[in-house]
Every structure is written in structure tokens, then in C-alpha cells.
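Report on one structure; see the data block that follows.
Computed from heavy atoms alone, side chains included, the values below leave out hydrogens, waters and symmetry copies.
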Amino acid sequence: MSAVRAREEPSAVEHWVDPAPFDPEEGERTVTPEQQRFYTASQWRLMWWRFRRHRLAVVSAVFLAVLYLSTLVTEFLAPYGPHTRNPQFINAPPQRVHLFNEGRLIGPFVYGYSFRLDRATLRREYAPDPAKIQPLRFFCRGEPYRLLGLIPGDVHLVCPAERGTLFLMGTDRLGRDLLSRILYGARVSLTVGLVGITVSFVLGITLGGISGYYGGWIDNLIQRLIEVIRSFPTIPLWLSLSAAMPVHWDPLWVYFGITVILGLIDWTGLARAVRSKVLALREEEFAQAARLMGARPARIIGRHLVPSFMSHLIASATLSIPGMILGETALSFLGLGVRAPMVSWGVLLNDAQNVNVVALYPWLLLPVVPVILVVLAFNFLGDGLRDAADPYSAR
Amino acid sequence: MLRYVVHRLLVMVPTLLAISLITFVIIQLPPGDFLSTQLAELQAQGETLQQEKIEHLRKLYGLDQPMWIQYLRWLWGLLHGDLGWSFEYDRPVTEVIGDRIFLTFVVSFATVLFTWAIAFPIGIYSATHQYSWGDHGLTFLGFLGLATPNFLLALVLLYFANVWFGTSIGGLVDPQYLDQPMSLAKFLSVLEHLWIPVVIIGTSGTAAMIRRLRANLLDELQKPYVVTARAKGCPPGRALVKYPLRMALNPFIADIGSLLPEFISGSALVSVVLSLPTTGPVLVRALQTQDMYLAGSFLMLESFLVVLGVLVSDLLLAWLDPRIRFGAGQAR
């Protein structure tokens with residue numbers, strides 16, 4: 001009522017009206033350079049921008065990249081070989097790096113061990129001996145090796161002093177340097193996840209794609225298969241499958257066997273994700289267009305459907321790598337996984353199987369530190385990738 | 001609802017059949033059988049077995065018959081509650097397994113409860129205090145639990161339980177109660193030992209649960225009806241508990257299905273380290289000696305537990321949330 005009356009009786013206050021024609025879409029037509037950059041960026045570039053904002057994920061990515069690169073030059077980084085025994089130093093505790101001795105700067109050095117055999121318990125006891133100062137040497141010639149088994153060399157990043165020792169993480173029951181063995185173990189432990197995820201990726205995309213694209217009884221069959229596989233508790237299933245590997249196999253074969261087993265069981269989750277995406281996408285116009293042009297199903301799935309959710313797949317694959325790394329560790333810990341002489345973090349933890357170790361030689365638990373760090377890093381990286389995989393989402 | 005239950009029960013049958021077939025194939029995978037392993041061991045010790053005796057044993061155990069007959073005999077036995085004969089223990093598998101399966105179930109169930117008890121308050125706190133220090137800290141703790149290998153945590157916790165509380169090492173009960181009937185003292189002793197495996201196995205599942213609850217609750221809290229409730233002056237506690245929380249609770253029920261296999265397999269590892277009288281240590285040993293009926297029964301029964309868990313969680317969900325029941329009915 002009041003609005004109507006207002007029109008009839010002009011108010012005392014005069015309004016100023018802009019004579020230019022009003023265009024409600026003006027705000028959307030003028031584009032700042034900032035927006036221009038955003039609108040024209042490719043999908044992968046958008047994802048990179050979003051990913052960069054996830055600080056923890058970037059740090060994790062760098063950390064993992066450094067680790068993986070380091071496995072290429074393990075021989076150079078490790079002060080000792082993976083199987084070098086030091087019979088005089090059995091279960092020796094870690095040596096600490098010092099800079100000063102009695103207030104005098106010496107540079108990085110370690111104190112040598114003083115050795116005492118406890119007559120009552122027959123334990124070997126090592127303690128740092130302040131009289132033995134052993135400065136570290138850098139870029140020095142030490143144990144000869146073959147880089148990646150090919151290129152001969154003998155230069156190490158850091159070596160012990162002449163006739164000295166350098167066990168920064170202690171030694172095991174055969175007097176082998178734990179730090180070196182952890183560095184060598186990274187090769188197996190870090191790659192297990194990658195090879196395993198490849199197996200699982202191929203299986204997951206193929207079966208999930210077929211299941212979603214064809215539907216009908218094929219879909220039903222594959223879904224039931226997935227259900228059955230998921231009903232098995234993972235670790236007992238892993239155990240049974242790895243127990244099935246012949247004892248006389250070469251360690252390298254066993255290693256591949258383990259990765260295949262890990263991948264064979266992991267693919268179900270990926271397959272489900274792929275199926276649900278394919279189900280939704282196969283009705284889209286671009287898929288229909290491809291179909292009308294006579295593309296075969298394999299091409300439609302592989303060329304048109306899968307790339308449109310590849311980023312999601314990569315993110316979820318990243319999130320399932322840590323499970324595989326932990327799986328390898330668990331299997332090797334039980335003695336059913338990778339076998340000596342191959343070195344992996346799980347094999348190293350195999351030495352720490354009972355409570356005595358925790359009480360007497362706690363440094364034998366150290367290989368768990370890289371396991372935790374790598375698993376955490378993969379989780380954060382996966383989280384970041386998952387957020388970035390959907391660059392158009394609001395948050 | 002009744003139709004749904006019947007439908008679910010019927011679907012279980014082919015699933016279980018497929019599981020039994022896969023189990024049988026897996027335990028047949030290693031080359032040779034129990035007798036040949038045994039024979040090799042005896043020969044390595046310099047003993048000889050008469051060929052006739054071996055043939056007799058082979059016939060007795062039915063190892064001379066073709067695979068599919070062995071499978072059918074095994075399946076037939078399973079249906080009658082006869083799990084076969086454990087070669088290593090020289091006793092029926094049912095006797096070897098009985099208590100252990102029960103204890104596995106007890107440990108797994110206690111772990112589910114533990115996970116709920118931990119994840120519930122933390123998940124709510126994380127969602128209502130998003131991006132606060134508490135949220136970040138608790139999330140990180142959860143991740144840390146996820147990343148630490150269970151068996152190692154078991155070892156360390158076992159050590160400290162022994163040093164600090166004087167809990168005896170290994171087993172689920174103090175040695176003095178081992179052969180005694182159940183009493184209050186024994187029960188307390190079991191409780192005293194139970195928390196270690198429960199905490200350890202639970203750590204891995206808790207993180208995932210917290211994140212699920214947090215994500216669900218956050219989605220729910222941003223919906224217009226919550227804003228409306230707040231705008232109308234509904235107290236914050238009520239505006240949280242009355243609807244959003246109930247909507248976000250689904251994962252707690254739905255996850256029984258996925259938590260159970262995780263916990264059962266987690267307990268397999270942890271109990272090897274803690275030498276618990278659950279299925280884990282026996283399974284590992286049986287796999288190493290190719291005691292196939294024993295190993296097979298374990299795999300079969302544990303999978304059965306999982307299928308049962310999924311069924312229970314699905315039925316609970318359908319009962320709590322009618323949308324799910326009708327959705328499932330239309331899809332099939």
C-alpha cells in the first residue's frame with residue numbers, strides 16, 4: 001500500500017538518476033588481468049595453483065622427491081656397505097657427532113668406543129671414550145662400491161676417521177652399520193609402493209572402467225568379485241599368498257611377488273571409484289559424441305572418460321601407497337616378505353622382534369622412523385592432491 | 001524391512017561360496033602338501049618313513065583324490081561344522097580354533113568400541129573448532145597413529161606396561177590364572193592385558209574415523225537449516241546435537257563393515273608380537289607348515305566374521321535411516 005502511495009505523491013527529496021543506460025551484466029564483462037589469468041588457465045595449472053596453497057603437502061612432496069632421488073646415490077651417501085660386518089662392534093650404541101672438545105672447536109667428530117665385557121651378564125658394553133677423538137672426513141675414499149650395481153667408485157659423502165668408526169645409528173647383532181642399512185633399505189621399501197600401485201592402477205582402471213561402461217551382468221560379476229575380495233581380512237590374506245611363494249625363489253623374485261600381491265588386493269577401492277565416475281560420465285555429451293563417431297569402448301574409456309577424472313585417481317592412489325609400504329614392513333617383519341640378503345625397513349625391524357631389544361638395544365627400532373615419516377608424507381601429499389584435484393570447488 | 005533382510009541373507013550365500021573357493025585355491029597354491037613338507041623335514045633329520053605308511057596317510061587324509069573332490073569334501077564338512085583335521089596338532093581343527101576365534105572376536109569388538117569412544121568426541125571437537133590448534137594437533141596425532149606400524153607400537157607399549165604397571169608380558173591373562181575357571185580376579189587380569197592390543201589395533205582405525213566424522217559434520221553444519229536454527233536463537237549445543245550430529249553419525253555404523261576386517265588383520269600381526277591366544281600366531285605357523293585345513297579354516301572363519309559384520313552394519317543402517325533401505329530396493 002505504502003509503495004503505491006509513494007508513487008502518487010512525489011516526495012520532497014529529489015533523486016539523482018544516472019542518464020547512461022544501465023547494464024546489469026557489466027560487472028561480469030570487464031575482466032581484470034587477474035581473472036583473465038584464472039579463466040584461461042588449463043586444468044592442470046589450476047590444480048598446481050591450488051596445490052601450492054597446501055603448505056604441508058608441498059613440503060611433503062619435496063621431502064619425498066629428495067628421498068626418492070637419494071636412492072639413486074645410496075652407495076655414495078652411506079658410509080658403509082649394507083653387508084659390511086664389524087665383528088668388534090656388535091650391538092654398539094649410536095655415536096653422537098660433536099663439534100667442541102673441552103671448549104675447543106675441532107669440527108665434526110665422534111668419540112671412539114671404549115669396550116668392556118660384563119663378566120656377569122656377558123654383555124658387550126660400549127661407551128664413548130673422550131680420549132679417542134675421531135674427526136669425520138668428507139668426500140673421502142672408502143669402501144669401493146658399484147653405483148646402482150654398474151658404475152664402480154669409492155667416494156663417500158662422509159667416512160669415519162682412519163681406523164675409526166662412524167655408527168651414527170649404532171650397529172646390529174652382526175656389527176653392521178644401521179644408518180647405512182636404513183639408506184639401502186629405502187630402495188626396496190620406497191619402490192614397493194610404486195610398483196604395487198602400478199599393478200593396482202592398471203587392474204583398477206581396466207576392471208572398474210569395464211564394470212561401469214558395460215553395466216549389466218558384467219558389472220554385477222565384477223562388483224561381486226570386489227565384494228568377495230574385500231571380505232578377506234588383508235593381512236591374513238597377504239600372509240597366505242606370500243606363504244605360497246616357493247622358498248627357493250631368488251630374493252628379487254620374492255620382492256616382485258610381494259609387490260604384485262600388495263597390488264592384487266588393493267585394486268578394489270580404485271575400481272569402485274572408477275566405476276562410479278564412469279557411470280556418471282558415460283551419459284555426458286562428449287562420450288555420446290565419441291560413441292556416435294564409432295569409437296570403440298576401449299578408446300572411449302581410455303581416451304575420453306579416464307582423463308577427465310585422472311587427477312582424482314592420482315590423489316587416491318597416492319593415499320594408498322602408505323598402506324603398501326606398511327604392508328611390506330609388516331610382512332617382512334614376520335619373515336614372510338622380502339628376505340635377506342635384500343635389505344628393507346621391514347627386514348631391519350625383523351631384528352627388533354622381542355621386548356629384550358626395546359630394553360637393551362633400543363636403537364634397533366630406529367628403522368621405524370623413516371617408515372613413519374614416509375607414510376605421513378604420502379598422507380599429506382595425497383590430502384593436498386585430493387583438494388587440488390577439484391580446482392573448481394568453492395573452498 | 002523383512003524383504004530387505006531376506007534379500008541380504010540370500011546375497012550372502014554366493015559370496016560365502018566364492019570366499020570358500022578362493023580360500024581353498026590359496027591354501028592349495030604352495031607346491032606340495034603337508035605330507036611332503038613333513039617328509040622333507042624327517043628326511044633332513046635322517047629318518048625314513050615307509051612308503052606304505054605315507055600312502056596310507058595320504059589316503060586317510062584324502063590327499064590322493066583330485067582337487068575338486070577335496071574341495072567338495074572340505075565344503076561339505078564346513079557346512080556340518082566339521083572344519084577338517086589339523087595335521088600339525090593332530091586334532092580336529094575345531095578344537096584348535098574354538099577359543100581363539102572367540103578371543104579374536106572379543107578383541108576386535110573391544111577395539112571397535114574403543115575406536116568409537118575416542119573418535120566420537122575428537123571428531124565433534126575438530127569439526128566445531130575447525131582449523132584451531134586443537135583441531136590441527138588432534139588430526140596430527142591421528143595421522144601419527146595411522147603411520148606407526150602396529151607391531152612396533154605393540155612392542156614398545158608392552159615394554160612400558162611391564163616397567164610401569166608390572167603387567168606380565170605376553171598372553172591375555174596372568175600365567176597364574178591360565179588353567180583356572182573364569183572368576184572376577186581372572187576377568188580383571190584379562191582387562192588389564194586387553195587394553196594393550198585394543199589401543200594398538202585401534203590407533204590405525206581411529207584416524208580415519210575422526211576424519212570421516214569431521215568431514216561429514218562440517219558438511220552438515222554449513223547447511224541452511226543449521227543457519228536458520230542458529231538465527232532463531234537455538235542454543236549452540238542443541239543446534240549441534242539435535243540434527244547435524246545425527247546425520248553425521250552414519251559412518252559410525254557403516255564403518256563396522258570396513259573396520260572389522262581391518263581390526264581382524266591388525267590383530268593378526270599384533271598378537272604375533274604380544275603372543276595373544278588369538279588366531280594370528282596359529283595362522284602364521286599353519287601357513288609356514290602348510291597345515292592347510294587349519295589355515296583355510298582361519299581364513300574362512302575370519303572372512304565369515306567380516307561378511308557378518310557388514311551384514312549387521314547394513315541392517316542397522318537400514319533400520320536407522322529409511323532412505324538407505326528404499327535406495328537399495330530400487331537399485332536392485
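Taking the six-membered ring for Trp and thresholds of 30 and 60 degrees, B:F151 and A:F333 have nearly parallel ring planes, at less than 30 degrees apart.
With a 4.5 angstrom heavy-atom cutoff, B:F140 touches chain A only via side-chain atoms. Neither the backbone nor the side chain of B:L16 comes within less than 4.5 Å of any heavy atom in chain A. The contact between A:F380 and chain B is made entirely by side chain atoms (from C-beta outward), counting heavy-atom distances below 4.5 Å. Only the side chain of A:L349 comes within less than 4.5 Å of a heavy atom of chain B; its backbone N, CA, C and O stay farther away. In this structure, chain B has no heavy atom under 4.5 Å from any part of A:L373. If you measure heavy-atom distances from B:L152 to chain A, the contacts under 4.5 Å come from the side chain alone.
The neighbour count for B:F109 CZ, taken as heavy atoms of other residues, nucleotides or ligands under 6.0 Å away, does not exceed 12. Heavy atoms of other residues, nucleotides or ligands lying less than 6.0 angstrom from CZ of B:F304 number 12 at most.
Taking the side chain as every heavy atom from C-beta outward, A:V368 and B:P149 approach each other to under 4.5 Å.
Taken from CD1 in B:I22 to CG in A:L225, the straight-line distance is 6.5 Å, to the nearest 0.5 Å. Rounding to the nearest 0.5 Å gives a distance of 9.5 Å between CD1 of B:I19 and CD of A:E227. Between B:I26 atom CD1 and A:S240 atom OG the span is 5.5 Å, to the nearest 0.5 Å. Atom OG1 of residue B:T23 and atom CG of residue A:L237 lie 8.5 Å apart, to the nearest 0.5 angstrom. Residue B:F143 holds its CZ atom at 4.5 Å from CG of A:D383, rounded to the nearest 0.5 Å.
With sequence neighbours left out, the ring-ring contact (aromatic ring centres under 6.0 Å, His included) criterion links A:Y255 to no other residue.
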Pairs of donor and acceptor atoms involving the side chains of residues 265-273 of chain A, under 3.5 Å and at least two apart or interchain, shall be tabulated with distances.
{"residue": "A:D266", "atom": "OD2", "partner": "A:S200", "partner atom": "OG", "Å": "3.1"}
{"residue": "A:W267", "atom": "NE1", "partner": "A:L264", "partner atom": "O", "Å": "2.7"}

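Identified by a heavy-atom distance below 4.5 Å to chain B, the contributing residues of residues 322-332 of chain A are A:L326, A:T329, A:A330, in residue-number order. Heavy-atom neighbours of chain B within the stretch residues 212-221 of chain A, taken at a separation under 4.5 angstrom, are nonexistent.
If you tally non-hydrogen atom pairs under 4.5 Å between each of A:I229, A:V375, A:V374, A:I372 and chain B, the highest count goes to A:I372.
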